[in-house]
Amino acid sequence: MRLSRFFLPTLKEDPKEAQIVSHRLMLRAGMIQQSSAGIYSWLPMGFRVLKNIERIVREEQDRAGALEILMPTIQPADLWRESGRYDDYGKEMLRITDRHERDMLYGPTNEEQVTDIFRTHVKSYKNLPLNLYHIQWKFRDEVRPRFGIMRGREFLMKDAYSFDLDYEGAKTAYNNMFVAYLKTFARLGLKAIPLRAATGPIGGDLSHEFIVLADTGESEVFYHKDLLTQKTPDRDNYTAEELQEIVDQWTSFYAAADDMHDPDKCDVSGDDLVTRRGIEVGHIFHFGDKYSNAMGATVAGAEGKDVTVSMGSYGIGVSRLVGGIIEASHDDDGIIWPESVAPFKVGLINLKSGDDACDGACDDFYSKLMTAGVDALYDDTAGRAGEKFAKMDLIGLPWQATIGPRGVKSGMVEVKNRGTGEKQELSTDDALNLLVGKA
RNA sequence: CGGGGCGUAGCACAGCCUGGUAGUGCGCUCGCUUUGGGAGCGAGAGGUCGCAAGUUCGAAUCUUGCCGCCCCGACCA
């Protein structure tokens, strides 16, 4: 993509409403535009990152055996009356009345909707286990939206729902998602730690939240330092026993958010206990028959009798992750995107647009990158060098390739790693090989 | 939901107290000079001062009401 043809409204100054770093950088890097409190438009740069995160989340859900569907944003109130949550949910639920005076709502979550799908079509234990997920916009009318995209009212969430015949099956489904989450967050370049969590209004008796460590996180977390050095599971198709082992291993270390942390009951000694701040980016629940019972989601068991299915739900805040990743990965100059989610892999800087030699070398290098399938943003604009460097650092592409009058004669390209700041002068071919290898 | 703050050009802000032709910097457009870390000079474009009512000869400025947004706390993917 040529920058001259792109839409990238960057800002030199900090918008005053943006207090935390991810919000500031997202606005400055032209990723989002606020529409109203807690509601944002996604501009091309932001949308690309959002889609990359969504893609990774989807791939890992698919690998874990979950099946993607798409449920609507607008739901009928009657479904929620069945579960009893229409009255329980309170003002966070955005309620809408259609032209026929029917009560509708903008879904804050989809347990009722998915349970309705399940009970309509699944009648036999032979069709279990089943895990259905979707990646859809949610709306929760938060009293106080803040932190930009991190706590919006409208947000993109992956939510999966598992259906099993009994508790043991449900626990395996839960463990399966637990492991899928470890893999997902690792691919996103994040250190995410699972914490035992209170189950809250969704109900149930087993729940973990996944926290990304970042200094600007909303809550304080306490954990054993060895938790961060655990090996991320990397295989597919673990058996139930293997899943349990992995979960047992990861949960054997002490980890608690401030609301669950009790210094008296914490047996981790001083140096081993780490205290940091974190952002919740995922949450998994086992809640048994809370919804299946209320809504009549039963299947015929092996003995021919109806059995109420055991369910769990598993959320990942996809849009929140955009902010979460920035919180976890930035410096004074701007964002540092992990390669897996970067909007482009390489930023190509033409230091002297309008100069025939520079233009020629850059155009040539750019077309080679494209031919090699490297997603590059080519700054072919007439700006000055400093301005181009600053902008490239701000938007945080993992690799920068700079071609200017100095190197063009000798056929050299300067390649910079945005994360480490390391620069190297390479021949065009070597630079190309390096960047192709990374993409 | 309790407490606090702010609405003036795309962004950051001054002007308001003490009413009298709407300003500054950045950004944007054009020209020239520059060109390896957010350039210099010159010339431009861009604002019904959040909305409404009131006071006044006259309101960005004073009064009242409304709307919007942000921050702190309690609550949440």
Side-chain angles (χ1 to χ4, degrees), chain A residues 9-20 23-24 27-28 30 33-39 57 89-93 107-111 135-160 181 192 197-202 207-212 218-219 257 259 279-285 313-324 332-334 349-355 358 379 381-395 400 402-408 412-414 416 421 423 425:
Chain A
T10 56
L11 298 171
K12 262 174 95 166
E13 292 174 275
D14 291 330
K16 70 170 173 185
E17 76 271 15
Q19 294 300 310
I20 68 164
H23 190 194
R24 229 168 27 228
L27 289 169
R28 286 195 51 208
Q33 178 174 332
Q34 181 166 8
S35 168
S36 61
I39 302 178
V57 169
Y89 218 93
K91 287 188 159 184
E92 272 198 7
M93 183 153 78
T109 177
N110 290 68
E111 279 82 4
I135 299 173
Q136 177 63 291
W137 292 92
K138 306 290 190 290
F139 197 92
R140 294 185 191 172
D141 201 357
E142 298 277 348
V143 222
R144 191 186 158 209
R146 65 186 122 164
F147 305 145
I149 220 68
M150 300 258 287
R151 174 91 73 85
R153 292 193 291 171
E154 188 183 52
F155 58 97
L156 186 62
M157 182 164 95
K158 184 285 299 180
D159 39 328
Y181 276 31
T199 48
I202 293 190
S207 173
H208 284 87
E209 49 188 331
F210 287 77
I211 299 284
V212 171
E218 292 187 70
S219 54
D259 57 328
I279 301 159
E280 182 182 356
V281 290
H283 207 151
I284 60 179
F285 301 90
S313 76
Y314 315 92
I316 290 181
V318 175
S319 50
R320 172 179 283 188
L321 274 165
V322 180
D332 289 346
D333 296 324
I349 298 176
N350 183 346
L351 274 187
K352 196 169 183 180
S353 297
D355 176 89
C358 276
D379 188 346
T381 64
R384 302 171 58 78
E387 180 187 340
K388 291 188 176 191
F389 287 131
K391 182 177 282 189
M392 211 49 98
D393 285 346
L394 171 64
I395 65 177
Q400 297 173 11
T402 301
I403 297 178
R406 190 192 290 169
V408 80
M412 300 300 271
V413 179
E414 182 184 279
K416 172 177 152 182
K423 295 176 188 169
E425 290 278 339

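Below, all heavy atoms of this structure are taken into account, side chains as well, without hydrogens, waters or symmetry copies. Keep in mind it's a predicted model, so treat the numbers as computed, not measured.
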Any side-chain N or O of [X] below 4.0 angstrom from OP1/OP2 of [N]?
X	N	value
A:Arg320	B:rA77	no
A:Lys16	B:rA12	no
A:Gln34	B:rC70	yes

Looking at every strand, decide which applies to [X] at a 4.0 Å heavy-atom threshold: base, sugar-phosphate, or nothing.
X	value
A:Gly90	nothing
A:Gly407	base
A:Asp393	base
A:Arg28	base
A:Lys91	sugar-phosphate
A:Ala390	base
A:Gly404	base

Side chain of [X] (C-beta onward), nearest among [options]:
X	options	result
A:Ser36	B:rA74, B:rA39, B:rC69	B:rC69
A:Arg146	B:rC1, B:rA77, B:rC71	B:rC71
A:Arg406	B:rG36, B:rG73, B:rC76	B:rG36
A:Phe155	B:rG38, B:rG37, B:rA77	B:rA77
A:Glu13	B:rC76, B:rC26, B:rC71	B:rC26
A:Ala37	B:rA12, B:rA39, B:rC70	B:rC70

Measure from CD on A:Glu17 to C1' on B:rC71 and round the result to the nearest Å. 12 Å

To the nearest Å, give me how far apart CD (A:Gln400) and C1' (B:rG36) are. 13 Å

Considering only atom [atom1], compute the distance from [N] to [M] and round it to an integer number of Å.
N	M	atom1	answer
B:rC13	B:rC30	C1'	27 Å
B:rG5	B:rU48	P	29 Å
B:rC49	B:rU61	C1'	10 Å

Are A:Ile349 and A:Glu414 close enough, and set up right, to give a side-chain contact (heavy atoms from CB on, under 4.5 Å), and what steps lead you there? CA-CA 10 Å; A:Ile349 298 176; A:Glu414 182 184 279; over 6 Å; no

The single option from A:Leu156, A:Val281, A:Asp159 that satisfies side chain to side chain contact (heavy atoms under 4.5 Å, CB included) with A:Val318 is A:Leu156

Under the criterion side chain to side chain contact (heavy atoms under 4.5 Å, CB included), which of A:Arg151, A:Arg153, A:Met93, A:Met157 is the partner of A:Arg140? A:Met157

Would you mind pulling out the nucleotide paired to B:rG7, Watson-Crick or G-U wobble, both distances under 3.5 Å? B:rC67

With distance as the sole criterion, do the side chain of A:Glu387 and the base of B:rG37 form a donor-acceptor contact below 3.5 Å? no

base_contact_polar (B:rC76 base, A:Arg151 side chain, donor-acceptor, <3.5 Å): yes

First of A:Lys391 and A:Ser319 reached from the 5' end of RNA chain B, by closest nucleotide: A:Lys391

5' precedence on RNA chain B between A:Gly383 and A:Ser35 (nearest-nucleotide basis): A:Gly383

Ring-on-base stacking B:rG38 with A:Phe389 (under 5.5 Å, under 30°): no

